[in-house]
Amino acid sequence: MNFFQRVYEVAKKIPAGKVATYGQLAEILGTRDARRVGQALHANKDLKTPCHRVVNKNGELALNFSAKGRSALGGGGWREQKRRLEAEGVEVVRRRVALKKYQWEVICN
DNA sequence: CTTTTGACTGAGT
DNA sequence: AACTCAGCCAAAA
């Protein structure tokens, strides 16, 4: 199984209304390289994966977020992500979420 | 094969 | 809060 695939598997485990950081997923996957997590999600063009629930450690949305399945997303990468998070009940202020409240805590994996 | 690049992070300024 | 520097490691070119 590819590393990418594993990233998706973990991403799918993130409960709606919660967010996880790249570093957090990386750690679950047994690596320290948060970047690869991001690359994996970027490579994933399937919108089935809740990539919008993955944010950087600052709680900010990905600057270059883009679900390739959708052309220009109506103009803004992170805007689309923001829209989706709000749809799940996550408060998104400007470009960030309240990690303090919404960061995913792994219950069991 | 070698080099660049990046949806990151953490520490220092 | 904003910027820099360095560490990290695989995919792309």
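Throughout, protein chains are lettered first and strands after them, A, B, ... in sequence-line order, and every chain is numbered starting at 1. Side-chain atoms are counted along with the backbone in the values below, which use heavy atoms only and exclude waters and symmetry mates.
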(Q) Nearest 0.5 angstrom please: T21(A) OG1 to W104(A) CH2, how far? (A) 10.5 Å
Q: Check every strand shown and say whether A62(A) touches a base, only sugar-phosphate, or nothing at a heavy-atom separation below 4.0 Å.
A: base
Q) What is the distance, rounded to the nearest whole Å, between atom CG of L29(A) and atom P of dA7(B)? A) 18 Å
Short heteroatom pairs, N/O only, protein and nucleotides 9-13 of chain C, under 3.5 Å:
from: dC9(C); atom 1: O4'; to: D33(A); atom 2: OD2; distance (Å): 2.8
from: dC9(C); atom 1: O2; to: D33(A); atom 2: OD2; distance (Å): 3.1

Q) So with a 6.0 Å cut-off around CZ of R6(A), is the heavy-atom count from everything else above 12? A) yes
**Q.** Interatomic distance, N58(A) CG vs dG10(B) P [rounded to whole Å]
**A.** 10 Å
**Q.** H52(A) backbone acceptor or donor facing Q81(A) side chain under 3.5 Å
**A.** yes
Q) How long is the line joining CG of L41(A) and C1' of dG6(B), in whole Å? A) 13 Å
(Q) Just the rounded figure in Å: distance from P of dG10(B) to CD of E60(A). (A) 13 Å
(Q) For A40(A), is there any backbone N or O sitting under 3.5 Å from a side-chain donor or acceptor partner on Y8(A)? (A) yes
Q: Give the rounded distance in Å between these two atoms: CG of L61(A) and P of dC8(B).
A: 12 Å
Q: Give the rounded distance in Å between these two atoms: NZ of K57(A) and C1' of dC8(C).
A: 16 Å
(Q) Less than 6.0 angstrom from the centroid, inside 45 degrees of the normal: does R35(A) satisfy that with respect to the ring of Y22(A)? (A) no
Q: For Y22(A) and dG6(B), give me the distance from atom OH to atom C1', rounded to whole Å.
A: 11 Å
(Q) So if I take every side-chain heavy atom of N56(A) and compare against dA7(B), dC8(B), dG10(B), which nucleotide ends up nearest? (A) dC8(B)
Q) Taking everything shown except E86(A) itself, do over 12 heavy atoms lie less than 6.0 Å from its CD? A) yes
